[in-house]
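Report on one structure; see the data block that follows.
Reckoned from all heavy atoms, side chains included, excluding hydrogens, waters and symmetry mates.
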Amino acid sequence: MSGGLRSSEVLDVLVGSWWKGRRHLVALVFFVFSLSSLSIRLGAQQEPPYFVTYSSVMEEPGNLEIENQNIAASPKNANAFFAPTLEFEYGVTAWWTAEAYLQGQKTVNDSAVFTGFRFENRFRPLPREYWVNPVLYVEYEDHNEADKSFLEIMDHDSIDDIQVPNAELHKEIERAIEGKLILSSNVKGWNLSENIIAEKAVNESEPWEFGYALAVAHPLAVKGSSRRCTFCRQNFAAGGELFGGLGTRDSFGLRQTEQYFGPTLAFNTPKGVTLKFSPEFGLNDNAAGVLWRFGVSYEIEQFRDWFRRTR
């Protein structure tokens, strides 16, 4: 109706009203819960249900995972948007995983645009499992400023930046090198991961930008069922993510940055398909009210064997 609110905007208002008075309490409980899990004894590693945070889990050598990760939001004073990201993750070796991304977005009352691509490499220097497992991450990204994938939050970015029309944002190209120090612990089924992020534009004279991501997750059941089933508890995992920007080298800190927190849920089917979902709530005025994420992935085992000549 003319002059009325879209259903997505009504949902954002209702959720935002509930969240406004409770967001700091929920974030505090999340941190206390995360730190308490460090006292649990070391256990088996599990694929965590994260969208932004990386863990120490690497792709199996020779396997190819294809994932479609989507995000949608209806920010205040800005047009609603939908941004899909197509990911191809390949296990080169047991300690080296490579990944390629293709990105785009569609904004209501605006246009649909291709926003760019990324190439990443993750290296796990220690083959054994320790209390803390480090992974080194290096990425080259080439995208325009119309990118709305929110794969990480950096600098002093604000949700107000996306109010600019796609036609103008599409002209501004950023090429950057991004590095992450990934620290991950696996204790009795729990995963606790911390990412420290630094990024430097190579085509512009800008200072180093920083961000972070923290996450914790656990499968709904650690021990598998004695019978084959699809909806068994061990096929589901739940957790939470906290992430945001940390400013730049010249103005480091949380001031005037975007901050988000949200629960995550994943369903790993026996056929190799994984479904993930997360509503991520903005913790300050620079963030969107809610970011809705949904992802589906499929793992192709021993993809490299498809290209080997049969003898």
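- Taking the six-membered ring for Trp, Phe243 and Tyr212 have ring centres at least 6.0 Å apart.
- Considering only heavy atoms from C-beta on, Val216 comes within 4.5 Å of Trp190 through its side chain.
- Looking at Tyr130 and Leu126, their side chains come closer than 4.5 Å, going by heavy atoms from C-beta outward.
- Using a 3.5 Å distance cut-off with no hydrogens or angles, the side chains of Tyr54 and Glu120 do pair a donor with an acceptor.
- Pro61 is listed as a side-chain neighbour of Arg304, based on a closest heavy-atom distance under 4.5 Å.
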Intermediate values then yes/no, side-chain contact (heavy atoms from CB on, under 4.5 Å), Glu280 and Glu241: CA-CA 8 Å; Glu280 297 165 346; Glu241 290 187 279; 4.1 Å; yes

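- A donor-acceptor distance shorter than 3.5 angstrom exists from the side chain of Thr115 to the backbone of Gln103, with no hydrogens or angles considered.
- Side-chain contact between Ser149 and Gln105: absent, with no pair of heavy atoms (C-beta onward) separated by less than 4.5 Å.
- No side-chain donor-acceptor contact under 3.5 Å links Asn235 to the backbone of Thr269.
- In the hydrophobic clustering of this structure, Leu246 groups with Leu214; members are Ile, Leu, Val, Met, Phe, Trp, Tyr whose side-chain heavy atoms approach within less than 4.5 Å, directly or through other members.
- The shortest side-chain heavy-atom distance between Ile177 and Glu199 does not fall under the 4.5 Å cut-off.
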CA sep, side-chain torsions, deciding dist, call: Leu283, Leu242, side-chain contact (heavy atoms from CB on, under 4.5 Å): CA-CA 10 Å; Leu283 298 178; Leu242 177 68; 3.5 Å; yes

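- The closest donor-acceptor contact from the side chain of Asp110 to the backbone of Asn166 lies under 3.5 Å.
- A donor-acceptor contact under 3.5 angstrom links the side chains of Tyr50 and Asn191, judged on distance only.
- Looking at Trp95 and Pro127, their side chains never come closer than 4.5 Å, going by heavy atoms from C-beta outward.
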side-chain contact (heavy atoms from CB on, under 4.5 Å) between Ile197 and Glu178, worked out: CA-CA 7 Å; Ile197 313 169; Glu178 180 178 292; 3.9 Å; yes

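- Ile173 and Val113 are members of different hydrophobic clusters when ILVMFWY side chains are connected at heavy-atom separations under 4.5 Å.
- Follow the hydrophobic side-chain contacts under 4.5 Å out from Leu291 and you never reach Phe82; the two are in separate clusters.
- Nearest heavy-atom pair across Pro75 and Ile159 is CB-CG1, 3.8 Å.
- Proximity of the aromatic rings of Tyr90 and Phe88 is defined here by a centroid distance below 6.0 angstrom, and this criterion is not met.
- Val187 is not listed as a side-chain neighbour of Leu192, based on a closest heavy-atom distance of 4.5 Å or more.
- Glu141 pairs by the salt bridge (charged side-chain N to carboxylate O under 4.0 Å, His left out) definition with Arg118, not counting sequence neighbours.
- Within a 6.0 Å radius of CD in Glu60, other residues, nucleotides and ligands contribute 12 heavy atoms or fewer.
- Hydrophobic clustering, with ILVMFWY side chains joined whenever heavy atoms are under 4.5 angstrom apart, groups Trp96 together with Leu64.
- Side-chain contact of Glu301 with Asn63: a donor-acceptor pair under 3.5 Å is absent, judged by distance alone.
- Linking Ile, Leu, Val, Met, Phe, Trp and Tyr whenever their side-chain heavy atoms come within less than 4.5 Å puts Ile162 and Val52 in one cluster.
- Within the 3.5 Å criterion, the main-chain N or O of Pro49 finds a donor-acceptor partner in the side chain of Thr264.
- The pair Arg122-Glu99 counts as a salt bridge, with a side-chain nitrogen and a carboxylate oxygen less than 4.0 angstrom apart.
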CA sep, side-chain torsions, deciding dist, call: His218, Lys188, side-chain contact (heavy atoms from CB on, under 4.5 Å): CA-CA 9 Å; His218 192 282; Lys188 205 173 182 178; over 6 Å; no

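- With Asn144 contributing its side chain and Glu172 its backbone, the two residues share no donor-acceptor pair below 3.5 Å.
- Under the 30°/60° scheme for interplanar angles, the aromatic rings of Phe210 and Trp208 are found to lie parallel.
- Thr230 meets the side chain to side chain contact (heavy atoms under 4.5 Å, CB included) test with Phe267, Pro270; sequence neighbours excluded.
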Derivation of the ring-ring contact (aromatic ring centres under 6.0 Å, His included) call for Phe281 and Tyr260: CA-CA 5 Å; Phe281 302 97; Tyr260 293 92; 9.7 Å; no

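- The backbone N or O of Leu220 sits less than 3.5 Å from a side-chain atom of Arg233, completing a donor-acceptor pair.
- Under the 6.0 Å distance and 45° angle rule, Lys106 does not count as a cation-pi partner of Phe81.
- For Thr248 (side chain) and Ser251 (main-chain N/O), a donor-acceptor pair under 3.5 Å exists by modelled atom type.
- Although no hydrogens or angles enter the test, the distance criterion places a donor-acceptor pair under 3.5 Å between the side chain of Asn79 and the main chain of Val108.
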